[in-house]
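Report on the structure given below.
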Amino acid sequence: MGRVRSQDVRERPDVAVVVAARAGDPQAVEHLVRGFLPLVYNIVGRALDGHSDVDDVVQDTMLRALDGLAGLEEPERFRSWLVAIAVRQVRDRWRSRRARPQAELPEEAVQEAAAEADFADLAILRLALSGQRREAVEATRWLEDEEREVLSLWWLEAAGELTRAELAAACELAPQHAAVRVQRVKERLESARAVVRALTASPRCAELEAQLTSWDGRPSARWRKRLARHVRDCPQCLFTASELMPAEGLLGGFALVPVPIGLAGLLLAKSMPSASAAGGVAHAPDSVGRVAHLLGRSVAKPVAMLAAGAVVLAGGGALYAYTRSDAPVRPPAAHAQAPASPAASLPQPTPTTSATSTTSATPTTSATPSPASTTASTLLGRHALRSLDRSGRYVREVGNLGFLGPVAATSPGSVQQEATFRFVAGLADSHCYSIEDASGRYLRHYAFRIRLDANDGSAVFRKDATFCARPGSADGSVSLESYNYPGRYLRYRDNLELWLDPAQNTAAFRASRSFTVVPPWT
């Protein structure tokens with residue numbers, strides 16, 4: 001199919017495409033993803049101001065919409081329904097961030113996050129903005145979270161991508177109340193534009209310069225209010241802002257910020273097989289590869305396993321038996337329908353074993369515990385995962401993300417708890433494993449980044465939170481391969497953050513994905 005602009009879809013809604021996607025037609029699913037992904041990406045990106053969660057929320061929005069198509073009784077409302085899902089996901093992400101205090105991240109991760117561009121930077125760079133359009137985008141940095149939510153919708157309305165009715169429905173407001181909210185946000189955006197203009201003036205107002213002595217250089221709503229009061233009362237600053245055009249005039253025909261190719265490919269790789277499975281379409285993996293090629297990136301490539309061989313993991317008098325297979329890894333759809341045989345992925349939990357049972361030994365007080373004494377051929381129970389090649393570092397949670405962090409017998413109890421997990425029968429395949437923390441959240445990958453989330457009951461979550469045990473790079477070690485992305489392994493990167501990365505035939509990569517299973521810390 002040809003490229004579909006979201007505006008074209010709004011003007012000529014094709015109900016037949018939604019109906020076909022609901023029935024599992026992979027071409028219709030592709031049409032919806034390619035047609036509506038830019039809209040969702042721009043709503044979420046501007047509402048979250050380019051936060052590192054943007055890709056996660058976009059992916060979650062699209063997959064929830066595709067998974068929920070069966071319950072959409074009015075296909076002609078797909079567009080407004082999708083926008084409402086996006087706004088709810090943004091709000092959920094805000095609530096989760098506010099409700100859960102973020103632990104201090106490692107210095108390397110903080111530096112990496114600080115280097116990431118916000119959504120304003122992305123818009124300026126990718127759309128080559130200049131003049132007042134650039135200033136308008138920069139002004140969005142000075143708004144609060146709730147204001148950016150409305151702004152993201154109104155911005156697209158002004159650009160011709162949304163209707164006022166869709167905006168009101170997404171905000172769960174009556175049209176007249178939505179109009180009040182929009183007007184309030186427009187006023188604050190105009191105030192922020194005046195501040196941006198005054199700050200970039202040359203020469204800058206001396207009185208304004210004096211007020212900035214205690215400013216840390218980061219835009220915020222508090223500083224917008226403070227500086228806006230000066231601009232309103234200062235003839236020099238007011239004059240610099242007098243030539244600003246109304247924002248509506250700048251946004252007419254404003255292009256959408258392009259979606260990263262990798263995000264589009266990831267969504268198609270995840271959504272196409274599931275859609276085809278629902279409709280009984282056998283050629284979905286081929287379709288995924290074709291679409292990924294069109295997007296300029298190969299996805300879902302089969303990855304050959306390592307050469308045949310056998311490894312025995314011994315510790316504390318117990319044995320963990322593994323076998324390697326030289327057969328090609330199955331694509332995700334086939335993998336989901338035909339789980340790996342017991343011989344191919346030992347150690348395995350028995351399907352009838354309770355998810356809450358434990359076979360781990362009594363915790364040790366040693367700063368470097370020896371491998372856990374668990375029943376042969378099973379990892380069920382509470383354990384810690386110690387890095388094979390990073391001495392004293394364990395898989396643990398830092399601010400709801402997975403990191404390789406230092407843990408010792410003298411570490412605070414909260415740190416030890418963050419490095420203790422319960423291995424249970426895999427949520428998507430009982431021959432594999434899911435890994436749960438003390439609060440009931442699961443280790444899962446989200447856009448290939450390892451994090452801990454509560455089970456939302458979706459098929460996507462179950463697959464993302466399922467890992468299959470494979471032999472590590474040395475005796476006494478184990479690797480965790482993704483269930484729904486065969487050939488990708490949980491490993492640490494240079495900044496010690498945990499990701500799901502494709503296998504590489506290097507000693508360094510094999511070591512970075514290998515862990516020793518040891519008794520729990522708590």
Side-chain angles (χ1 to χ4, degrees), residues 42-43 45-51 117-162 164 167 171 176-257:
N42 277 261
I43 291 173
R46 191 159 280 116
L48 292 180
D49 194 29
H51 188 275
D118 62 13
F119 201 77
D121 281 335
L122 294 177
I124 291 168
L125 177 64
R126 295 177 184 174
L127 300 179
L129 299 179
S130 61
Q132 291 195 31
R133 281 191 166 184
R134 175 171 183 147
E135 291 175 341
V137 170
E138 291 176 341
T140 62
R141 296 187 176 114
W142 297 80
L143 303 181
E144 296 177 346
D145 285 347
E146 290 77 3
E147 294 168 343
R148 275 197 293 268
E149 173 196 304
V150 178
L151 174 73
S152 68
L153 299 172
W154 171 73
W155 195 289
L156 292 172
E157 180 194 8
E161 295 288 339
L162 283 181
R164 176 54 61 89
L167 183 154
C171 294
Q176 59 270 29
H177 294 151
V180 172
R181 289 279 299 277
V182 167
Q183 184 59 36
R184 185 182 306 142
V185 169
K186 285 167 61 177
E187 291 171 355
R188 291 174 184 174
L189 177 64
E190 295 297 349
S191 174
R193 290 177 65 201
V195 168
V196 169
R197 174 61 66 92
L199 290 174
T200 56
S202 181
R204 185 186 285 171
C205 168
E207 292 184 14
L208 179 64
E209 192 77 55
Q211 289 198 23
L212 296 175
T213 55
S214 60
W215 182 43
D216 61 5
R218 289 180 291 186
S220 67
R222 182 174 67 87
W223 273 95
R224 182 200 74 224
K225 296 171 185 176
R226 179 175 176 178
L227 298 179
R229 285 195 295 269
H230 167 80
V231 171
R232 284 195 303 268
D233 298 334
C234 174
Q236 180 179 341
C237 293
L238 196 59
F239 178 77
T240 63
S242 62
E243 62 176 17
L244 291 175
M245 294 175 53
E248 292 94 333
L250 297 173
L251 303 183
F254 201 96
L256 296 179
V257 176

Check whether [X] reaches the backbone of [Y] with its side chain - one donor and one acceptor, N or O, closer than 3.5 Å.
{"X": "Arg224", "Y": "Trp142", "answer": "yes"}
{"X": "Arg197", "Y": "Ala241", "answer": "no"}
{"X": "Glu157", "Y": "Leu167", "answer": "no"}

Find the distance between [atom1] ([X]) and [atom2] ([Y]) and round it off to the nearest 0.5 Å.
{"X": "Arg193", "Y": "Glu190", "atom1": "CZ", "atom2": "CD", "value": "4.5 Å"}
{"X": "Arg204", "Y": "Cys237", "atom1": "CZ", "atom2": "SG", "value": "9.5 Å"}
{"X": "Trp154", "Y": "Gln183", "atom1": "CH2", "atom2": "CD", "value": "9.0 Å"}
{"X": "Leu151", "Y": "Leu153", "atom1": "CG", "atom2": "CG", "value": "9.0 Å"}
{"X": "Lys225", "Y": "Ser191", "atom1": "NZ", "atom2": "OG", "value": "10.0 Å"}
{"X": "Leu227", "Y": "Cys234", "atom1": "CG", "atom2": "SG", "value": "11.5 Å"}

inquiry  = Would you say that Cys171 contacts Glu149 through its side chain, given a criterion of any heavy-atom pair below 4.5 Å between the two side chains?
reply    = yes
request  = Among Leu244, Val196, Val137, find the one that has a side chain to side chain contact (heavy atoms under 4.5 Å, CB included) with Gln132.
outcome  = Leu244
ask   = When Glu147 is tested against each of Arg184, Arg188, Arg46 for salt bridge (Lys or Arg N to Asp or Glu O under 4.0 Å), which residue passes?
value = Arg188
Nearest heavy atoms of [X] and [Y], plus distance in Å:
{"X": "Thr240", "Y": "Ala198", "value": "OG1-CA, 4.2 Å"}
{"X": "Ala139", "Y": "Leu189", "value": "CB-CD1, 3.9 Å"}
{"X": "His230", "Y": "Cys205", "value": "NE2-SG, 3.5 Å"}
{"X": "Thr140", "Y": "Arg148", "value": "O-NH1, 3.7 Å"}

request  = Step by step, work out the side chain to side chain contact (heavy atoms under 4.5 Å, CB included) result for Arg141 and Glu138.
outcome  = CA-CA 6 Å; Arg141 296 187 176 114; Glu138 291 176 341; 3.7 Å; yes
task = Give the C-alpha distance, both sets of side-chain angles, the deciding distance and a yes or no for side chain to side chain contact (heavy atoms under 4.5 Å, CB included) between Leu212 and Leu199.
result = CA-CA 10 Å; Leu212 296 175; Leu199 290 174; 3.5 Å; yes
